[in-house]
Amino acid sequence: MKKKSFLFCPVITGLFLLLTLQIIVVSGQPLNKEYLSSSKNSYGNHLAQTPPMGWNSWNAFHTDITEQKIKDAAAALVSSGMKAAGYEYINIDDAWMDTVRDAQGRLQADPKRFPHGIKALADYVHSLGLKIGIYESAGTKTCAGFPGSLYHEKTDAESFAKWGIDYLKLDNCYNEGVDYMQRYEGMEKALLATGRPIVYSLCEWGVKDPYQWAPAISNLWRTTGDISDNWNSMINIVDEQVGLEKYAGPGHWNDPDMLEVGNGGMTNTEYRTHFSMWAILAAPLIAGNDLFHMTEPTRDILTNKDVIAVNQDPAGKQGYKVSDDGDQEVWVKPMSDGSFAVLLLNRGENRAFMTTTVEQVGLKKATSYKVVNLWGQGNQDEDKSYSTNDLIRSSVASHGVAMFRVWPESK
Ligand code: GLA
């Protein structure tokens with residue numbers, strides 16, 4: 001039994017123990033199985049090393065899209081300062097295509113709404129220093145009833161690559177019960193065969209536990225059904241992310257769906273909560289509002305650099321919940337520099353005074369800690385930043401958050 005004697009060889013076992021000990025010592029924390037598994041490499045394109053940031057047409061416009069609207073969004077992404085804040089992808093969602101394929105069986109853009117075709121649009125988006133994404137379905141039709149990519153993976157991937165597409169969202173409508181792996185892996189192989197780096201985003205709605213299999217074949221995968229522009233929808237999606245942190249990491253992300261910030265169905269307090277939660281969850285930050293008609297408060301939320309830095313941290317650790325008292329929750333996200341992002345979430349109907357401790361957060365021992373409020377001035381006559389040796393606290397509005405970054409200070 002060769003295998004057995006290899007496993008129990010004392011030299012190998014000793015080396016293994018030494019390595020394990022080293023990992024514990026280096027990280028200064030007990031081995032976290034979840035984070036070890038999240039560091040595995042996945043889909044072979046080396047893209048999306050941090051959660052993708054960009055804009056998608058669906059939440060604001062649904063099927064009512066035109067070439068001009070996409071161009072306006074791209075220009076607004078630049079002029080609003082969103083590009084400077086890190087937003088990069090302009091993603092066209094459903095309904096960009098003609099109802100029929102061309103004589104060669106290739107997809108074609110709707111000639112009325114996209115008169116210059118997708119290649120010209122991609123060239124324009126690229127000329128602004130941005131990247132462009134497109135939508136299809138791993139079914140016989142898209143959700144809006146346009147030609148689907150199932151059984152056309154090679155042809156469609158080649159069209160996308162030829163047009164200069166950088167990101168593909170692949171939906172799940174009209175899948176005819178065909179095995180999910182066959183459908184989603186079929187497109188993965190077709191995309192890789194084009195040789196063009198294309199971020200691959202699965203929109204399978206979390207039906208077949210995609211976090212179990214999607215990390216190996218894609219860059220991101222939807223974990224739930226569609227978000228709607230209201231508090232209940234958004235906060236229910238947050239609840240569905242609990243426990244999924246072990247599956248995310250650089251190159252492969254859980255996707256709790258696109259942002260609704262600025263679409264009008266929530267208050268600015270609720271939109272700040274939405275954005276902060278997506279940041280803590282290391283979720284893709286894909287804005288879904290009408291960028292051309294964006295209000296100042298919406299812009300301020302979407303471009304908060306400190307909150308975006310939490311989302312884009314290179315360690316790529318998805319945040320998780322450390323306490324839950326019904327209406328009050330504490331979420332944390334370990335950052336690559338030894339700090340933690342800390343979020344106090346008040347789901348209740350009344351303002352609440354909330355606290356957590358450096359110990360509950362999981363911060364390493366230090367004499368004091370620097371606490372920076374990422375949404376500006378605190379509500380306790382606190383400064384934007386303060387020092388503590390224990391409590392992190394804030395009064396938090398109903399449906400609101402307080403969000404901090406906390407650094408151990410060595411004295
Ligand atoms: C599905 C997806 C949405 C959107 C629409 C388009 O519902 O989950 O995100 O792409 O299809 O029809």
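Counting begins at 1 with the first residue of the sequence. Side chains included, hydrogens not; waters and symmetry mates left out as well; all remaining heavy atoms used. As the structure lists them, so they are numbered: ligands from 1, and atoms in each ligand from 1.
Taking the six-membered ring where the residue is Trp, the centroids of Y180 and W213 are separated by under 6.0 Å. In this structure, W163 has its ring center closer than 6.0 angstrom to the ring center of W96.
For atom 7 (O) of ligand 1, the candidate residues are D226, T224, N56, D257; the nearest heavy-atom contact is made by D226.
The nearest protein atom to atom 4 (C) of ligand 1, hydrogens excluded, is given as D93 OD1, 3.4 Å; this is a heavy-atom distance. Residue, atom and distance of the protein heavy atom nearest to atom 12 (O) of ligand 1 are D94 OD2, 2.7 Å. Shortest contact from atom 9 (O) of ligand 1 to any protein heavy atom: K169 NZ, 2.8 Å.
Contacts between C203 and ligand 1, counted as non-hydrogen atom pairs separated by less than 4.0 Å, involve the side chain only. Only the side chain of D171 comes within 4.0 Å of ligand 1, judged by heavy-atom distances. Within the 4.0 Å heavy-atom criterion, neither part of H62 lies near ligand 1.
Using a distance-only test at 3.5 Å, with no hydrogens or angles considered, a donor-acceptor pair links the side chain of N254 to the main chain of L244. A distance-only check finds a donor-acceptor pair linking the side chain of N219 to the backbone of Y200 [under 3.5 Å].
Counting the atoms of ligand 1 from 1 in the order shown, those under 4.0 Å from a heavy atom of R222 are 8 (O), 9 (O). Residue-ligand proximity, Y135 to ligand 1, at heavy-atom distances under 4.0 Å covers atoms 6 (C), 10 (O), 11 (O), 12 (O). Within ligand 1, counting atoms from 1 as listed, the ones closer than 4.0 Å to a heavy atom of C143 are 1 (C), 11 (O), 12 (O).
Using a 4.0 Å cutoff on heavy atoms, T142 does not count as a contact of ligand 1.
Checking each of T63, N91, I65 against S57 for a side-chain contact (heavy atoms from CB on, under 4.5 Å) leaves exactly one that passes, namely I65. Looking at K208, R183, E204 one by one, the single match for side-chain hydrogen bond (donor to acceptor under 3.5 Å, both in side chains) with N172 turns out to be R183.
Ion pairing between a basic and an acidic side chain is recognised when a charged N comes within 4.0 Å of a carboxylate O; R113 and D98 show no such pairing.
Under the 3.5 Å distance criterion, with hydrogens and angles disregarded, a donor-acceptor pair is assigned to the side chains of W407 and D337.
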